[in-house]
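Excluded from the calculations below are hydrogen atoms, water molecules and symmetry mates; all remaining heavy atoms, backbone and side chain alike, are included. Remember, it's a predicted structure, so these values are computed and weren't measured experimentally. Reminder, nothing fancy here: chain letters follow the sequence lines and each chain counts from 1.
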2 protein chains.
Amino acid sequence: MKTLRVPEATVTRLSIYSRFLERLDRNGITTVSSGEIAEGVGVSPAQVRKDLAYFGEFGTRGVGYNVKDLMKYTLKILGLDQTWSLAIIGAGNLGFALCTYYGFNVRGFYVAAVFDIDPTKIGKRIGKLEVQPLDSFPEVTGHEHIRIGVIAVPIRGAQEVADLLIKNGVEAILNFAPMALNVPDHIEVRNVDLSVKLEILTFNLGFRAAQNL
Amino acid sequence: MKTLRVPEATVTRLSIYSRFLERLDRNGITTVSSGEIAEGVGVSPAQVRKDLAYFGEFGTRGVGYNVKDLMKYTLKILGLDQTWSLAIIGAGNLGFALCTYYGFNVRGFYVAAVFDIDPTKIGKRIGKLEVQPLDSFPEVTGHEHIRIGVIAVPIRGAQEVADLLIKNGVEAILNFAPMALNVPDHIEVRNVDLSVKLEILTFNLGFRAAQNL
DNA sequence: TAGATTGTTAATCGATTAACAATC
DNA sequence: TAGATTGTTAATCGATTAACAATC
């Protein structure tokens with residue numbers, strides 16, 4: 001089988017198209033063109049068609065795409081035709097927000113457990129969950145295999161948490177600590193750095209000011 | 001003056017280098033090479049040198065870079081040689097986490113005000129701040145000009161909030177609602193979508209499974 | 001001087017865009 | 001049929017990498 005490499009930028013946009021299609025579907029729209037998707041998410045129509053072409057032919061020439069079908073296809077491609085259990089490590093304000101984040105639920109993610117090392121946080125309730133001591137990660141997650149861990153601890157604890165997760169069979173990590181984690185090659189890591197985009201804004205505002213001089 | 005266009009990917013990495021340099025500096029390290037920076041943040045040494053070259057010559061051949069100096073340069077370039085006041089719109093769990101996010105403070109961001117439309121949230125305290133009714137945005141921010149707004153409201157309210165911010169002189173928006181905002185050309189917008197990276201992980205995990213078949 | 005590392009150019013690689021035949 | 005829109009190829013654009021002279 002020919003394995004075409006899919007650019008990560010394509011997968012990123014696919015996730016965004018997918019969300020947009022859900023919105024169209026909720027609004028009762030049944031058909032959409034690449035141009036309308038492009039307009040809705042802020043890319044070019046050719047980009048939309050090229051991205052989709054990595055995975056198959058989903059449209060009808062002269063007509064466009066069936067919203068519900070394309071939505072299902074994108075979900076399938078992204079692996080969201082199943083529920084994913086997450087473990088969130090860190091029950092601070094960010095961990096709390098992630099545990100209760102509606103945007104995860106709506107996309108088929110399910111927070112199975114939350115952990116912290118801070119005794120004042122352990123036992124606290126977050127929705128239906130109770131914050132567990134990090135030590136108990138193996139037992140707590142033992143019966144249901146957790147493949148994805150979310151790190152929401154300060155920089156100083158992040159690497160240690162990553163090591164623990166990996167030792168316990170976690171295969172992918174979403175890291176909110178603003179640092180690079182050291183992990184084996186077979187572990188997938190993506191960082192979400194809340195400051196980076198803010199600093200792109202300040203860079204651009206400053207740059208704009210410099211242009212005016 | 002020759003205006004060289006700086007790729008956004010370069011600015012993104014600059015923000016990451018900057019954080020890494022702060023960490024080195026905190027650990028008392030005084031000199032660093034492009035190779036060590038590269039190693040520390042997960043890019044190539046050539047990439048590091050190329051990125052820095054957009055802005056000047058900061059190193060010494062045969063030696064490397066002075067950590068403290070390079071750190072200051074990167075902060076300056078990113079516009080972080082000043083404090084930026086932010087307004088956060090949305091005092092739900094995510095808004096709360098952003099208000100109290102240490103990573104903003106440490107980079108010179110200051111949350112000047114928080115707003116919501118929900119009467120049950122208005123008046124609630126978040127640290128030293130009190131949640132204000134969104135209507136009062138003009139008065140509250142009147143005396144100190146807020147150039148950057150952070151949107152942490154659900155999709156259905158996001159566009160309306162963006163319009164209000166822009167009407168009141170906000171120049172840049174960091175948008176956590178997973179949708180594309182419609183704004184005039186002169187407004188800078190960057191989206192932080194908490195699900196996208198998670199979906200890259202599920203895509204890759206699913207893809208890996210497919211390879212094994 | 002010898003070794004190390006930068007700054008920068010040229011080569012490579014990959015992603016986006018434009019264009020259009022296919023086709024509903 | 002005429003109009004619309006896809007799927008796909010080729011052209012363009014831009015970013016990354018490799019290589020090396022400059023130089024500490």
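- No more than 12 heavy-atom neighbours from other residues, nucleotides or ligands sit within 6.0 angstrom of NZ on A:Lys68.
- At whole-Å resolution of the value, CD in B:Glu39 and C1' in C:dT5 are 16 Å apart.
- Nucleotides of DNA chain C nearest to B:Thr60 and B:Lys50 differ in position, and the one nearer the 5' end is that of B:Thr60.
- The separation between A:Glu8 atom CD and C:dC13 atom C1' is 17 Å, rounded to whole Å.
- A:Phe58 and A:Tyr73 have tilted rings, their planes meeting at an angle from 30° to 60° on a 0 to 90° scale.
- For D:dA4, neither phosphate oxygen OP1 nor OP2 lies less than 4.0 angstrom from any side-chain nitrogen or oxygen of A:Tyr65.
- Donor-acceptor pairing under 3.5 Å, judged by distance alone, is present between the side chain of B:Arg49 and the base of C:dG7.
- For A:Arg13 and C:dG14, the CZ to P distance is 16 Å, given to the nearest whole Å.
- Phosphate proximity of C:dT16 to A:Tyr54: absent, as no side-chain N or O sits under 4.0 Å from OP1 or OP2.
- Pair assignment for D:dA21: C:dT6, on the basis of Watson-Crick or G-U wobble contacts that are both within less than 3.5 Å.
- Note: CZ (B:Phe58) to P (D:dC24) measures 17 Å, nearest angstrom.
- For B:Arg61, the listed nucleotide lying nearest its side chain is D:dA21; candidates were C:dT17, D:dA21, D:dG7.
- Residue B:Arg5 places none of its side-chain N or O atoms closer than 4.0 Å to OP1 or OP2 of D:dG14.
- The nearest whole Å value for the distance from the CG atom in A:Asp51 to the P atom in D:dT6 is 14 Å.
- Aromatic ring pairs are classed by plane angle as parallel below 30°, tilted from 30° to 60° and perpendicular above 60°; the pair A:Phe115 and A:Phe137 is tilted.
- Side-chain contact between B:Tyr65 and B:Asp69: absent, with no pair of heavy atoms (C-beta onward) separated by less than 4.5 Å.
- At the heavy-atom level, B:Ser34 lies under 4.0 Å from the strands shown only through sugar-phosphate atoms.
- Side-chain N/O atoms of A:Arg107 and A:Ser18 include a donor and acceptor closer than 3.5 Å.
- If you check D:dA15, C:dT6, C:dT16 against the side chain of A:Ala9, the one that comes closest is C:dT16.
- Taking atom CD1 of B:Ile37 as the reference point, atom C1' of C:dG7 lies 14 Å away to the nearest angstrom.
- Across all strands shown, C:dC13 forms a Watson-Crick or G-U wobble pair with D:dG14, both key distances being under 3.5 Å.
- Between B:Leu52 atom CG and C:dT5 atom C1' there is a gap of 13 Å when expressed in whole angstrom units.
- Side-chain nitrogen and oxygen atoms of A:Ser44 include at least one within less than 4.0 Å of the OP1 or OP2 phosphate oxygen of C:dT17.
- No donor-acceptor pair under 3.5 Å is formed between the side chain of A:Asn191 and the backbone N or O of A:Asp193.
- In this structure, A:Glu57 places its CD atom 14 Å from C1' of D:dT9, rounding to the nearest Å.
- With the nearest nucleotide of DNA chain C identified for both A:Thr10 and B:Gly62, B:Gly62 has the one nearer the 5' end.
- Distances from the side chain of B:Gln47 to the nucleotides C:dA15, D:dT6, D:dT17 place D:dT17 closest.
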